[in-house]
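First up is the structure itself, then whatever we jot down about it.
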Amino acid sequence: MKIVCIQVDVQFGNPEKNMKHIEKKIREAVILHNPDTIVLPELWDTGYDLTRLDEISDENGEKAKNRLGSLAKEFGINIVGGSVAFRKGNDVYNTMLSFDRNGQHIGTYSKAHLITLMEEEKYIAPGKESCIFTVDGMMSSAAICYDIRFPEWIRMPFIKGAKVLFVPAQWPIQRQTHWRALLIARAIENQCYVIACNRVGSDPNNTFAGQSMIIDPWGDIVTEASVSEEEILSAEISPELVDEVRAKVPVFKDRRVDLY
């Protein structure tokens with residue numbers, strides 16, 4: 001399976017402009033790389049313009065569903081849609097929406113762990129469920145940015161057989177070393193691929209770290225983007241490698257389920 005991560009800058013609080021930019025980049029990625037699956041970053045529609053989410057968030061994610069679903073169907077690709085500001089009733093969630101090659105909505109995940117350093121919890125409601133969905137037959141899971149600091153949360157879908165972890169993010173530059181270390185650790189301990197798509201650029205309060213990457217089940221970085229530039233990152237992944245690693249080092253078999 002060929003995976004593409006679209007690492008972009010995000011315009012603060014400008015969903016219309018961001019939607020046009022994302023569509024342009026998806027079309028560019030299809031021409032350049034002929035991918036099976038495209039992955040987008042966190043809150044690519046609004047950025048962290050949290051105080052205006054009541055005004056600019058996407059009601060029931062309809063705009064993102066319609067556009068990403070249409071693009072997935074047009075090009076016959078899977079789209080793991082990063083995350084958008086998803087308004088449901090009186091609440092706004094930080095929500096990933098994923099689509100198959102027919103444009104069908106196949107997965108939803110709302111960020112469970114809200115980062116108090118960025119006051120996310122004041123404006124966004126936390127998700128309450130982990131996520132398992134299938135991409136071209138490969139059982140997959142999702143975490144969003146800050147979630148990767150909580151390994152006990154990440155582990156649950158992999159106990160059930162997931163092989164890929166998709167991680168959209170807006171990870172700040174000042175904690176860049178944590179980004180790399182945590183992603184590699186999640187790949188090693190779960191013996192899975194980690195597909196991490198971060199943003200670049202700045203907003204009024206933060207500068208972001210870029211460095212999107214694809215990590216294999218041994219914890220080796222297959223490919224990695226720059227820190228500051230928009231970039232389309234591409235790599236092949238293989239479910240057979242996950243099986244091979246898990247057979248050689250039987251971590252899941254050796255778990256002490258009687259203790260934890």
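Because the structure is a prediction, the values reported are computed rather than measured.
Arg246 contributes a side-chain N or O that, together with a main-chain N or O of Asn190, makes up a donor-acceptor pair within less than 3.5 Å. When atom types are taken as modelled, the side chain of Lys25 and the backbone of Ile232 share no donor-acceptor pair closer than 3.5 angstrom. At least one donor-acceptor pair under 3.5 Å links the side chain of Asp45 to the backbone N or O of Ala85. Put simply, the side chain of Asp203 never gets that close to the backbone of Phe12: no donor and acceptor are under 3.5 Å apart.
Ring geometry for Trp179 versus Trp171: interplanar angle of 30 to 60°, hence tilted.
Under a cut-off of 6.0 angstrom, the local environment of CD in Gln174 is crowded, with over 12 non-hydrogen atoms contributed by other residues, nucleotides or ligands. Applying the 6.0 Å contact sphere to CD of Glu152 captures more than 12 heavy atoms from other residues, nucleotides or ligands. The number of heavy-atom neighbours closer than 6.0 Å to CG of Asn90, taken from other residues, nucleotides and ligands shown, is 12 or below. Open room surrounds NZ on Lys88; 12 or fewer heavy atoms of other groups in view lie less than 6.0 Å from it.
At a threshold of 4.5 Å between side-chain heavy atoms, the hydrophobic network of Ile, Leu, Val, Met, Phe, Trp and Tyr places Leu241 and Ile214 in one connected group. Val8 and Leu97 end up in the same hydrophobic cluster when Ile, Leu, Val, Met, Phe, Trp and Tyr side chains are linked at under 4.5 Å.
The shortest side-chain heavy-atom distance between Trp44 and Gln170 does not fall under the 4.5 Å cut-off.
Take Trp218 and apply the ring-ring contact (aromatic ring centres under 6.0 Å, His included) test, not counting sequence neighbours, and it matches no residue. Applying the side-chain hydrogen bond (donor to acceptor under 3.5 Å, both in side chains) criterion to Glu120, with sequence neighbours excluded, gives Tyr48, Asn94, Lys111.
Once rounded to the nearest 0.5 Å, the distance linking CD1 of Ile6 with NE2 of His33 reads 9.0 Å.
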